[in-house]
Amino acid sequence: MAYCADCGAKLYHHRSITLTKEQESYICSNYQSRKKCTAHYIRAVVLEQLVLQNLQRVVAYAQEDENEFVRRVMENKTAVQRAEQEQAKRKLEKQERRISELDRIIQQLYEDRVSGALSAERFAKLSGGYEKEQEELKQSAKELQAIVNTIETQAVNVQSFLKIVRKYTAPTELTPALLREFVEKIVVHAPDKSSGHRTQRIDVHYNFIGEIDFSPEYSRVSRQTTA
């Protein structure tokens, strides 16, 4: 479930019979296989502690005020989807304008060829390049339109998440069953040493609702810890 925040690869669980539980760690698999990425090293016990703390805050939040929890999740998800949708729409509009512009350019090239202002060789070279660009843009535009349509029809199933929450009291241990029920993925960022201390951030994405934007009373608890 753990992924690198920079390259998106899965994190490799480094353990062996010579290592104690405290020494086990997670490392970016692209770094492990000598590809281009940094280690994103984090000890397994630290990662488990961070995820458990995050989960405890989310469950407490949902249990104490379901209405506020639903409102905050919907507000956060809507904002994220709106930003993604607007970005996709802007790119789509730009590509559609370019496709129309290429239609005019190709038409002008054809007219210049017919009038003799452009040689057959030059016409073939120019029109071929423009037509290739146009086909690539049309394919990209289809993909962008699909993204826009998907975002518009997505619904956050908060009630499904709340059904899971109601099955548990405050979780005290991070078990595989608990992870599977609650968590979609865990994103691990590279360590930050700018403050003089090694801190590391993780983002927990939950099933049905994504990442939680905590209310002020919960956001006081930092998601950073010395790793």
Side-chain angles (χ1 to χ4, degrees), residues 1-62 69 72-73 75-84 87-88 156 161 164-165 168 170-227:
M1 289 185 178
Y3 294 85
C4 173
D6 293 317
C7 74
K10 284 190 174 185
L11 266 62
Y12 167 73
H13 190 183
H14 180 61
R15 57 186 172 182
S16 73
I17 58 173
T18 61
L19 296 176
T20 65
K21 176 67 175 176
E22 288 287 327
Q23 293 173 316
E24 292 180 11
S25 62
Y26 283 90
I27 299 172
C28 174
S29 57
N30 271 342
Y31 174 81
Q32 187 73 14
S33 59
R34 302 185 184 279
K35 295 180 181 177
K36 292 182 179 179
C37 196
T38 57
H40 290 69
Y41 170 90
I42 186 169
R43 287 191 294 133
V45 290
V46 172
L47 182 58
E48 290 171 12
Q49 176 193 0
L50 286 170
V51 173
L52 179 60
Q53 288 174 351
N54 194 298
L55 179 58
Q56 287 170 335
R57 293 200 301 276
V58 170
V59 170
Y61 187 1
F69 180 81
R72 182 56 63 98
V73 170
E75 181 182 81
N76 180 57
K77 195 69 175 179
T78 301
V80 171
Q81 288 179 343
R82 188 184 299 118
E84 291 175 348
Q87 183 181 21
V156 181
F161 184 81
I164 301 172
V165 169
Y168 294 89
T172 58
E173 181 184 3
L174 195 65
T175 64
L178 198 67
L179 269 176
R180 282 193 296 272
E181 279 221 276
F182 278 100
V183 178
E184 176 191 353
K185 66 178 179 179
I186 302 155
V187 178
V188 178
H189 293 254
D192 181 6
K193 300 179 182 179
S194 59
S195 64
H197 300 281
R198 188 184 189 277
T199 60
Q200 197 155 6
R201 172 186 160 193
I202 67 158
D203 300 325
V204 181
H205 296 253
Y206 291 93
N207 293 324
F208 303 112
I209 60 173
E211 189 182 0
I212 301 296
D213 178 20
F214 285 106
S215 60
E217 62 268 29
Y218 285 91
S219 63
R220 288 199 301 266
V221 184
S222 173
R223 283 187 296 172
Q224 292 191 330
T225 188
T226 300

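This is a predicted model, so every value here is computed, not measured. Just so you know, these numbers use all the heavy atoms, side chains as well, and skip hydrogens, waters and symmetry mates. Note that the numbering runs from 1 along the sequence shown for the chain.
Under a 3.5 Å cut-off, the side chain of Ser29 and the backbone N or O of Tyr12 do not form any donor-acceptor pair. Formation of a donor-acceptor pair under 3.5 Å by the Gln56 side chain with backbone atoms of Pro171 is found in this model. Side chain of Gln200 to backbone of His189: a donor-acceptor contact under 3.5 angstrom is found. Of the possible donor and acceptor atoms, none in the side chain of Asn30 sits under 3.5 Å from a partner among the backbone N and O of Gly8.
Taking the side chain as every heavy atom from C-beta outward, Ile42 and His40 never approach each other to under 4.5 Å. Put simply, the side chain of Leu50 does not reach to within 4.5 Å of the side chain of Ile186, judged on heavy atoms. The shortest side-chain heavy-atom distance between Ile209 and Phe69 falls under the 4.5 Å cut-off. Taking 4.5 Å as the limit, some side-chain heavy atom of His205 sits within range of a side-chain heavy atom of Val187.
In this structure, a donor-acceptor pair under 3.5 Å is present between the side chains of Asn54 and Tyr206.
Classification of the Phe182-Tyr168 ring pair by plane angle, with boundaries at 30° and 60°, yields tilted.
The shortest non-hydrogen separation linking Tyr26 to Leu47 is CD1-CD2, 3.7 Å. Scanning all heavy atoms of the two residues, the minimum distance from Cys4 to Leu11 falls at N-CD1, 3.2 Å.
Considering CE of Met1 and OH of Tyr3, their distance stands at 9.0 Å, rounded to 0.5 Å. Rounding to the nearest 0.5 angstrom, the gap separating the SG atom in Cys37 from the CD1 atom in Ile27 is 11.5 Å. If you take CD on Glu48 and CZ on Arg43, they are separated by 11.0 Å, rounding to the nearest 0.5 Å. The CD atom of Gln23 sits 14.5 Å away from atom CZ of Arg15, with the distance rounded to the nearest 0.5 Å. Put simply, NE2 on His13 and OG on Ser25 are 7.0 Å apart, with the number rounded to the nearest 0.5 Å. The structure places CD of Gln53 at 11.0 Å from CG of Leu174, a figure rounded to the nearest 0.5 Å.
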Next item on the list: Evaluate the side-chain contact (heavy atoms from CB on, under 4.5 Å) criterion for residues Val204 and Val58: first the C-alpha distance (whole Å), next the side-chain angles of each, then the deciding distance (0.1 Å), finally the verdict.
Entry: CA-CA 10 Å; Val204 181; Val58 170; over 6 Å; no
